[in-house]
Amino acid sequence: MAAKDRELVALADIVGAGYVSQDTAPYTVMGVEPQWVVSPASEEEVSAILSLAHNLQVAVIPWGYGHQQHIGLPPRRGEIALSLRRLDRILEYEPADLTVTVQAGCTLGALQARLQSARQWLPYDPPQGAASSLGGLIATNISGPHRYRYGTLRDLVIRTRVVQGDGMAFTGGAKVVKNVSGYDLPRLMVGSFGTLGVITEATFKLQPMLKTSQTVLFSYHSFPAAVAQAAALLSTALVPVAVAVCNANAVQALSASLSHLDFPAALPSGDATLAGWLALRFGGVAGEVERQVRETRQLIQSPGYVGEITVPAAAQAAVWQAIADLPAPQGKVGPSRQVGLIAKIALPPQQLPEVSAQVQRMAGAAGLSLQAVAHPAAGILYLIGESPDQAGHTQGASLAPWINTLRQDITGREGTVVIEYYTDQLRQATDIWGPTSSSFPMMVALKNKFDPHRLLNPGRFVGDL
Amino acid sequence: MDISQILLELQALLSPRGVLHRPEDVLLYEYDGALDRAKPDFVVFPRTTADVQAVVRLANRANIPFMPRGAGTGLSGGAVPIEGGIVIVFTRMNRILQLDIPNLQAIVQPGVINLDITQAVASQGYYFVPDPSSQRACTIGGNVAENSGGPHCLAYGVTANHVLGLEVVLPDGEVVWLGGRTQDVPGYDLRGLFIGSEGTMGIVTQVVVRLTHVPETVKTVLAVFETIEDASNAVSDIIASGYIPAALEMMDNLAIQAVEASRSSGYPTDAGAVLLIDIEGFAEGIPEQLSHITAMCQQNHARTVHEAKTAQEREKLWSGRKGAFGAMGAISPSYYVQDGVIPRTRLPEVLRKIAAVSQKYGFRIANVFHAGDGNLHPLILFDERDPAQIRAVVKAGSEILQACVDAGGSISGEHGIGVEKREDMALLFGPEDLIAQRQVKEAFNPTGLCNPAKVLPIAKACYEVGARHRRLPNILKEEHDLSHLGDDPHGS
């Protein structure tokens, strides 16, 4: 047993022998298998573990349920997998305050179930959200189609408890919906990929459940036509709560996954390969919902419009979750979905129609079959490559030149491309995170303060933060 | 580098007209809308990002402090040059650079006045949402620094929710973009971190703001209550009912009296409290919201619930609220405002505590506040000519902040920490929390030259010796009163 291994026995002193394990295979991240899995039951224990790791200079990979572990580069090292699953309590919930405080290992599904009893919700619908820990969702800042109305977790997290690299635990923000006391540490923590500290607790702003809502799917002959229609609609006075546009392949996957619902109309008619869907959800009191749906129908005049499907009320949640799940590798979209590529493009929103058309042309020229789903107001376009073996493209290095050409184009439009899911071959031939921004030196300066030994998720985030 | 050398270099950079340095010329820049004051060595008026960069680099070489200043309407001393140095004023960087309606964005310089953004796009049906009461004067650069709010932030969020990107001159003189025209840029959210950093992380030179469609219909309702307790319970019930209005403001009897004494806004002077409520959206959705909100008020014994019938009447009701701070002059020589935030369910309890503080110290306290998000603005009325009252009013203010923190709240909702509440940070945050904040500050501003002595407590010893308030502030009668009263502002 190496010297460090002996010292790591101290982990058992912190959490109890039953909560340290060397059965680490399930915690392997992209080929990097930790030596220990440790499951603390309190923030004090997290603190003690990080303090020990800091002193021994061993790296720590924070874990929730692992649904987002595919995002980012492989860790450079990771001796300890730190599971937050035992920190799963809802600590404080006062419905009339519209705030809730939870531990990081609580899943979004468990939280929503609790909030539902008071007819409230966290207005947030990331891919695979229900089974994901809130800590992991905050760390990765993934989001879904309801970001149109409610923003991302950066707008919803009002307070965090975090344990930084040396084991020091601190609070940022407060349990009130409006607060400018000191620096906005919660915003810094959201999307920091566990590289500044381990999130142990968070307080969220909540929303009352929508009094009523209606979802309509407008179908088009082409994906770019649907994207262009979305862009036109969103500069009007309409205020949908969720918006997404799906291309033909994505529609096909959705139809298959929704086929269990009593919702035959979900299956696209005619030539599905030409289809594009614009999905809109309007919510609020009945009068404003009806008015907006009516107005949307009047505005839907663009070339390429085929028809519409009104989603039955009971199927709404399933339809939106299926759309949200598209950019997730283990998504329940399609019976045997095998993902080989997920790329996230972020653009100034008005560029999206043109880029959608261009991506479609580029994919066609390269013989790539991609699913595409756009969050038009946010300027975000996900490309999902299915079936790794299809034409060998998503498997091999041949995809890399395609991605690199795409990135060149997107960068020229002030946008970014992040490869959220990839094969080894692709990683070796392209840059997963893309170039760093002009403010990158400030990010390094922050990293050096919060994790000076660079032991938290080392090597995983942009620019080796 | 001596002071005359710095002056020569500043004049060479910005032309002699772009630099003020004589004591009588810099007098106007000694204070903002809060209590403290201190004399700058230089006041400069850059025209470009490159000018700002050159000034910051010069300040670094000369090792003197520098800080940005917008319109000076801030309420926590954030723009006061506590340690002297160069105050960078943005009156010459006040252009809207680009309006991009299809993307619902505008790029503006930091000296653009908040309301001017809205006025530039109003004819096309858009507006910039954050609406601090000073919006006719305050600048977008200052809004970014303070993460400003306003009554309508209840429904739509504060400045941080409406700013997409920032061009910033960092404290070392580097020019960078934080955020931008795209969302989800990989890396830490430095844009989010910077907003609300009160000028301690660098100087904003361009801002990408979000524009929002003007709601089709706005209804304003005045609900009149016999007691503040009933009004508070109505607020809780409205929030809990899920019909969240666009704005939900409360004024207590003393505030009503002050407002009505200075201008008639149509509030009954014998009411215990009034709620001013805006309901917005599509015309078809208004009646249902209105009837529920009215029911919540009636259920809590509202004397009347009155809907403004005309735009003029709406304006009149709101003018009372927006002019409420200034109206205190009609009933008191001076006032001292706090900005604590509490969970909404704790309103009745904390308002009782404020009443107890009023009793204990013998000060009248008027309450005018953003009830919907629990952001209190107790206005402690006193007489600045009596030094004993100045000491007492500061203690009373601190007791109110303590009550907010005890109720699970925060010491500032929108006015910022600045100099004034710097030491009160220890009421809310423990030593580790403050270390974490200091780490952030040091990462951006390692020399401490960029807006020094703001946001974080200065020294432990200082607040141990001087209890929570280590010095006596200079309390101003009105936001822009020049009278300088009180003792040495820097004593402990």
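To find a chain, count down the sequence lines: A is the first, B the second, and so on, and within it residues start at 1. Because the structure is predicted, anything quoted here is derived from the model rather than measured.
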Taking C-beta and beyond as the side chain, do B:Ile417 and A:Val180 meet within less than 4.5 Å on heavy atoms?
no

Determine which residues belonging to residues 340-347 of chain B lie within contact range of chain A, meaning some heavy atom pair is under 4.5 Å apart, and list them by number or answer 'none'.
B:Val341, B:Ile342, B:Pro343, B:Arg344, B:Thr345

For B:Glu432 and A:Arg161, what are the C-alpha separation, side-chain angles and deciding distance, and is it a salt bridge (Lys or Arg N to Asp or Glu O under 4.0 Å)?
CA-CA 11 Å; B:Glu432 294 85 4; A:Arg161 287 280 300 166; over 6 Å; no

Pairwise side-chain contact, B:Arg191 with A:Arg187, heavy-atom cut-off 4.5 Å (strictly under):
yes

How far apart are the closest heavy atoms of A:Asp184 and B:Leu193, and which atoms are they?
O-CD1, 3.7 Å

Could you report the tightest heavy-atom contact between A:Ser235 and B:Pro102, atom names first, then the distance?
CB-O, 4.4 Å

With distance as the sole criterion, is a donor-acceptor pair present between the side chains of B:Ser410 and A:Ser181 under 3.5 Å?
yes

Is there a side-chain contact between A:Arg291 and B:Glu216, using heavy atoms and a 4.5 Å cut-off?
yes

Ring pair (Phe, Tyr, Trp, His ring centres under 6.0 Å) evaluation trace for B:Tyr188 with A:Phe461:
CA-CA 10 Å; B:Tyr188 303 142; A:Phe461 198 24; 5.8 Å; yes

Using a cut-off of under 4.5 Å on heavy-atom pairs, state which of B:Ala160, B:Gly374, B:Gly149, B:Pro431 scores highest against chain A.
B:Ala160

Do the non-hydrogen side-chain atoms of A:Phe170 and B:Leu434 ever get within less than 4.5 Å of each other?
no

Considering all heavy atoms, the nearest A:Leu185-B:Ala436 contact:
CD1-CB, 4.1 Å

Look at B:Gly413, B:Ala443, B:Gly242 and state which one has the largest set of heavy-atom pairs under 4.5 Å with chain A.
B:Gly413

Report, by ascending residue number, the residues of residues 280-290 of chain B in heavy-atom contact with chain A at a distance under 4.5 Å; give 'none' if the set is empty.
B:Phe282, B:Ala283, B:Glu284, B:Gly285, B:Glu288, B:Gln289

Less than 4.5 Å apart, any side-chain heavy atom of B:Glu174 and any of A:Met442?
no

Taking the side chain as C-beta and beyond, is there a heavy-atom pair between A:Lys344 and B:Asp184 under 4.5 Å?
yes

Please report the interatomic distance CG(B:Leu154) to NZ(A:Lys178), rounded to the nearest 0.5 Å.
8.5 Å

Who among B:Gly180, B:Ala240, B:Gly192 has the most heavy-atom pairs with chain A under 4.5 Å?
B:Gly192

What part of A:Arg159 lies closer than 4.5 angstrom to a heavy atom of chain B: side chain, backbone, both or neither?
neither

Quick one: does A:Val285's side chain get under 4.5 Å of B:Tyr243's, heavy atoms only?
yes

I'd like to know which of A:Gly463, A:Ala445, A:Ser438, A:Pro208 tops the heavy-atom pair count under 4.5 Å against chain B.
A:Ser438

Does the side chain of A:Met443 come within less than 4.5 Å of B:Leu190's, by heavy atoms?
yes

Give me the atom names and distance for the closest heavy-atom approach of B:Met425 to A:Gly182.
CE-CA, 3.5 Å

Ranking A:Thr236, A:Val444, A:Thr152, A:Thr416 by heavy-atom pairs under 4.5 Å to chain B gives rank one to A:Thr236

Of all the heavy-atom pairs spanning A:Trp433 and B:Pro186, show the shortest one and how long it is.
CE3-CB, 3.8 Å

Atom of B:Gly409, atom of A:Val176 and distance for their closest heavy-atom approach
CA-CG1, 3.8 Å

